[in-house]
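Atoms within each ligand, like the ligands themselves, are counted from 1 in listed order. The analysis underlying the following values was restricted to heavy atoms, covering all of them including side chains, and did not include hydrogens, waters or symmetry mates.
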Amino acid sequence: MQRLANFIGGEFVAPHSDAYFDDVNPATEEVIAAIPDSDGHDVDDAVAAARAAFPAWSAAPAETRSRLLLKLADLIEANLEELARTESIDNGKSISLARRLDIPRAVANFRFFATAILHQSSEAHHTDRTALNYTLRHPLGVVGLISPWNLPLYLLSWKIAPAIASGNTCVAKPSELTPLTAYRLGELANEAGIPPGVLNIVHGYGAKAGRALTCHDDVAAISFTGGTVTGSAVAANAAPRFKKLSLELGGKNANVVFADADLDDAIATSIRSSFWNQGEICLCGSRIFVERSAYDTFVERFVAATKKLRIGDPLDDATDIGALNSEAHMRKVLGYIELAKEEGGTIAAGGKRVDRNGFFIEPTIVTGLSCDCRVLQEEIFGPVVTITPFDDEREAIAFANSTRYGLSASLWTRDLSRAHRVAAAIEAGTVWVNCWLLRDLRVPFGGMKESGVGREGGFESLNFFTEAKNVCVKL
Ligand code: TXE
C-alpha cells in the first residue's frame with residue numbers, strides 16, 4: 001500500500017507526527033494509501049520552503065515561469081490516463097468523466113495561466129497633463145491554497161496555476177479524502193523543472209493542517225474552495241490576520257426550463273447537470289423548475305433517461321454513475337432522501353443505496369416539494385434532484401432566488417429577450433443559457449450570497465494573486 005509524503009522544498013518528506021490515516025477507495029471500501037497526518041510543524045516547514053523560493057521565483061521573467069508551467073501542463077497531459085485512473089480510484093467518479101473533465105481541465109488551467117501572464121497589462125493615466133499615474137502589480141509572497149475532494153486535481157490546478165504563474169510561491173492543502181493526484185502533481189512539478197519550494201503540498205485534516213495554513217503569519221492570502229460552513233471557519237481565522245481571501249463555497253443551483261425550450265437538449269444536458277460526478281459538483285443544477293405546461297412531459301422523459309444511467313465500477317468505461325466519495329457523505333445524502341419523504345416528496349426515480357460494495361446511491365428524482373422545504377434549501381451534494389413546476393417568469397425567478405446560495409444557474413428558452421431578462425434577474429455568479437458547464441477561463445468565476453466571496457478565473461485570478469500599487473509622477 002502506498003505511503004504518501006508531504007512535498008516540501010522539492011522533497012517528499014514524512015510528517016513530523018509520523019502518523020498516518022487511511023485513504024479509502026469509495027467504490028471498493030479498500031484502504032489504498034496512508035495519508036500523512038500533518039500539523040502546524042509541517043505547515044511551518046512548507047511555508048519556510050516557499051519563503052526561501054519566493055525571491056528568485058518572483059524575480060524570474062514571466063516567460064520563464066510560463067515555460068515551466070507549460071511543461072507541467074504537457075506532463076499532466078502525457079500522463080492523462082494514469083491520472084484519470086488515479087482520480088477515479090480515489091474519488092469514486094467514473095474514469096470516463098475523469099478522462100473527459102477533470103484531467104483535461106487541469107491541463108487547460110496550467111496552459112491558460114502560463115500564457116495569460118505573458119499578456120497582462122496595467123493602467124496608466126495622464127492626469128490633467130500635470131502627472132502620470134500608473135499601476136504596478138506585484139506577487140503577494142507565500143499563498144495558501146485549500147481544495148475539496150470532488151474535483152481534486154482540477155480545482156487544485158485552478159489555484160496553483162494562477163498563484164505561481166503570477167510569481168507567488170504556494171502551500172497547497174488538498175482534501176484528505178482525495179490526496180493521490182495532488183501527490184502525483186508534486187512528482188510532475190519536479191519533472192517539469194519547477195524550482196524547489198515554489199509548489200509545496202501538505203496533506204492532512206482540514207481542522208489541523210488546513211487550519212494551521214489559514215493562521216500562519218507568513219501566508220499572505222488564502223484561496224479556499226469547499227463547503228460554506230468550512231468557508232466561514234477559514235474566514236474567521238484569516239480575516240483577523242488581514243490575509244487576502246477568496247472563498248468558493250457551496251451551491252444549490254436552479255435549472256429553469258421554460259415550455260418553449262428545446263426539450264431534447266434541455267433533458268439531455270439536465271441529466272449531466274444533475275448526475276455528473278454523482279452530483280458532487282458545486283455547479284450541479286439540483287433544483288429543476290419547469291414551466292407547468294411542459295412539466296408532465298419533462299418529468300416523464302427525465303425519469304426515463306435517469307433510469308437508463310449505468311451505475312457501477314468507476315473504472316468501467318461504460319459507467320455513468322460511480323461511488324460517492326465517502327461513507328459519511330453517502331449517509332448524509334441518504335439522510336436527505338429520507339428527509340424528502342418526510343417533507344411530503346414523491347420519489348419519482350432511485351432513492352436507495354445500491355446493493356453492492358462501495359458507497360453507491362441510485363440517481364434520485366424527487367417531485368412534489370415546495371421551495372421552502374429543507375431539501376430545496378440545503379446543499380445535498382449528491383445524485384439527488386428535485387423537479388418543481390412554475391406558472392410564469394416572475395415565479396421562476398422567485399423560485400430560483402429562494403435560497404441562501406448563489407453560485408450558478410441554467411435556464412432554457414428559445415425567447416432571446418426572456419433569456420437575457422431572466423439571466424440578469426437570477427442571483428448567481430454564473431448563468432448558463434441553453435447550456436451547462438460551458439466554461440471560458442477568461443471570465444470571472446465565483447458565487448453570490450453564501451456561495452462565496454471574491455472572483456477567480458482569468459485575469460481576476462491574476463489580480464487576486466497580486467497586489468496593485470499606484471505610482472504618481474509629477475510631470
Ligand atoms: O468541503 P470541506 P469538501 C463545495 C461543495 C461542498 C464542499 C465539498 O459545494 O459543499 O465543497 O467539499 C479543508 N481550516 N465546493 O467536503 O469539508 C478540507 O481539508 C482550513 C464548492 O471537501 O469544506 C478540504 O481540503 N481548511 C466549490 C477543504 O477544506 C479546512 C466547488 C474543503 O473541505 C478546515 C467544489 C478548516 N477549519 C466544491 N476544515 C465552488 N464553489 O466552486 C476543512 N478544511
Which donor-acceptor pairs under 3.5 Å do side chains of residues 365-387 form with protein atoms, sequence neighbours excluded?
residue: Ser370; atom: OG; partner: Asp372; partner atom: OD1; Å: 2.5
residue: Arg374; atom: NE; partner: Glu378; partner atom: OE1; Å: 3.4
residue: Arg374; atom: NE; partner: Glu378; partner atom: OE2; Å: 2.6
residue: Arg374; atom: NH2; partner: Glu378; partner atom: OE1; Å: 3.1
residue: Gln377; atom: NE2; partner: Cys371; partner atom: O; Å: 2.9
residue: Gln377; atom: NE2; partner: Ser402; partner atom: O; Å: 2.6
residue: Glu378; atom: OE1; partner: Tyr336; partner atom: OH; Å: 2.5
residue: Glu379; atom: OE2; partner: Gly251; partner atom: N; Å: 2.9

Taking only non-hydrogen atoms of Asn150 and a 4.0 Å limit, the atoms of ligand 1 in range are 35 (C), 38 (C)

Atom CZ of Arg111: over 12 foreign heavy atoms under 6.0 Å:
yes

With heavy atoms of Gly250 as the reference, note each atom of ligand 1 found under 4.0 Å away.
9 (O)

Taking Arg85 first and then Glu81, would you say they form a salt bridge - that is, a charged N and a carboxylate O separated by under 4.0 Å?
no

Any atoms of ligand 1 less than 4.0 Å from a non-hydrogen atom of Leu407? List them with their elements.
41 (N)

Counting non-hydrogen protein atoms only, what is the nearest one to atom 44 (N) of ligand 1? Give residue, atom name and distance.
Gly206 CA, 3.4 Å

Could Arg137 and Glu467 be called an ion pair, given the rule that one side-chain N must be under 4.0 Å from one carboxylate O?
no

Is Ile146 touching ligand 1 with its side chain, its backbone, both, or neither, if touching means heavy atoms under 4.0 Å apart?
side chain

Is the contact between Leu283 and ligand 1 made by the side chain, the backbone, both, or neither, using heavy atoms and a 4.0 Å cut-off?
neither

Residues Glu362 and Arg353 bridged, charged N to O under 4.0 Å:
no

Answer side chain, backbone, both or neither: which part of Phe381 comes under 4.0 Å from ligand 1, heavy atoms only.
side chain

Below 3.5 angstrom, do we get any N/O pair linking Glu379 and ligand 1?
yes

Cation-pi check for Phe464 against Arg455: NZ or CZ below 6.0 Å from the six-membered ring centre and within 45 degrees of the axis, yes or no?
no

Proximity winner for atom 43 (C) of ligand 1, if only heavy atoms of Val234, Thr230, Leu151, Thr178 are counted:
Thr230

For atom 29 (O) of ligand 1, which protein heavy atom lies nearest, and how many Å away is it?
Phe224 CE1, 3.2 Å

Among all the protein's non-hydrogen atoms, which is closest to atom 16 (O) of ligand 1, and how far away is it?
Trp149 NE1, 2.8 Å

Are Leu283 and Thr430 close enough, and set up right, to give a side-chain contact (heavy atoms from CB on, under 4.5 Å), and what steps lead you there?
CA-CA 9 Å; Leu283 299 168; Thr430 298; 5.6 Å; no

Atom 20 (C) of ligand 1: the protein heavy-atom neighbour that sits closest, reported with distance to 0.1 Å
Gly210 C, 3.3 Å

Taking the six-membered ring of Trp158 (Phe, Tyr or Trp), confirm whether the NZ or CZ of Arg439 is under 6.0 Å from its centre and within 45° of its axis.
yes

Enumerate the atoms of ligand 1 whose separation from the nearest heavy atom of Pro174 is less than 4.0 angstrom.
25 (O)

Cationic N near anionic O, under 4.0 Å, Lys208 to Asp39:
no

Which label fits Trp432 and Trp436: parallel for a plane angle under 30°, tilted from 30 to 60°, or perpendicular past 60°?
perpendicular

Looking only at non-hydrogen atoms, the one of Ser147, Cys215, Gly231 nearest atom 24 (C) of ligand 1 is Ser147

I'd like to know if Glu280 pairs up with Lys93 as an ion pair, taking the criterion as any Lys NZ or Arg NE/NH1/NH2 lying under 4.0 Å from an Asp or Glu carboxylate oxygen.
no

With Asp320, which residues qualify under side-chain hydrogen bond (donor to acceptor under 3.5 Å, both in side chains), at least two apart?
Arg310

Taking 4.0 angstrom as the limit and counting only heavy atoms of Glu248, give me the atoms of ligand 1 inside it, by number and element.
21 (C), 27 (C), 40 (C), 41 (N), 42 (O)

N or O contact, Lys173 vs ligand 1, cut-off under 3.5 Å
yes

Donor-acceptor pair between Thr228 and Glu450 side chains, under 3.5 angstrom
no

So which of Ala328, Cys282, Pro148 gets nearest to atom 12 (O) of ligand 1, if we judge by its closest heavy atom?
Pro148

Should Glu176 be counted as touching ligand 1, given the test is an N or O pair under 3.5 Å?
yes

Report yes if Gly227 has an N/O atom closer than 3.5 Å to an N/O atom of ligand 1; otherwise report no.
yes

Region of Leu177 that comes within reach of ligand 1 [heavy atoms, distance under 4.0 Å]:
neither

Please check if a non-hydrogen protein atom sits closer than 4.0 Å to atom 33 (O) of ligand 1.
no

Would Arg356 pass as a cation-pi partner of Phe360, given that its NZ or CZ must be under 6.0 Å from the six-membered ring centre and within 45 degrees of the axis?
yes

Would you please determine whether Leu155 falls within less than 4.0 Å of ligand 1 on a heavy-atom basis?
yes

Before signing off on this row, confirm whether Ser451 and ligand 1 have an N or O atom pair separated by under 3.5 Å.
no

Counting only nitrogen or oxygen atoms and a 3.5 angstrom limit, does Leu249 reach ligand 1?
yes

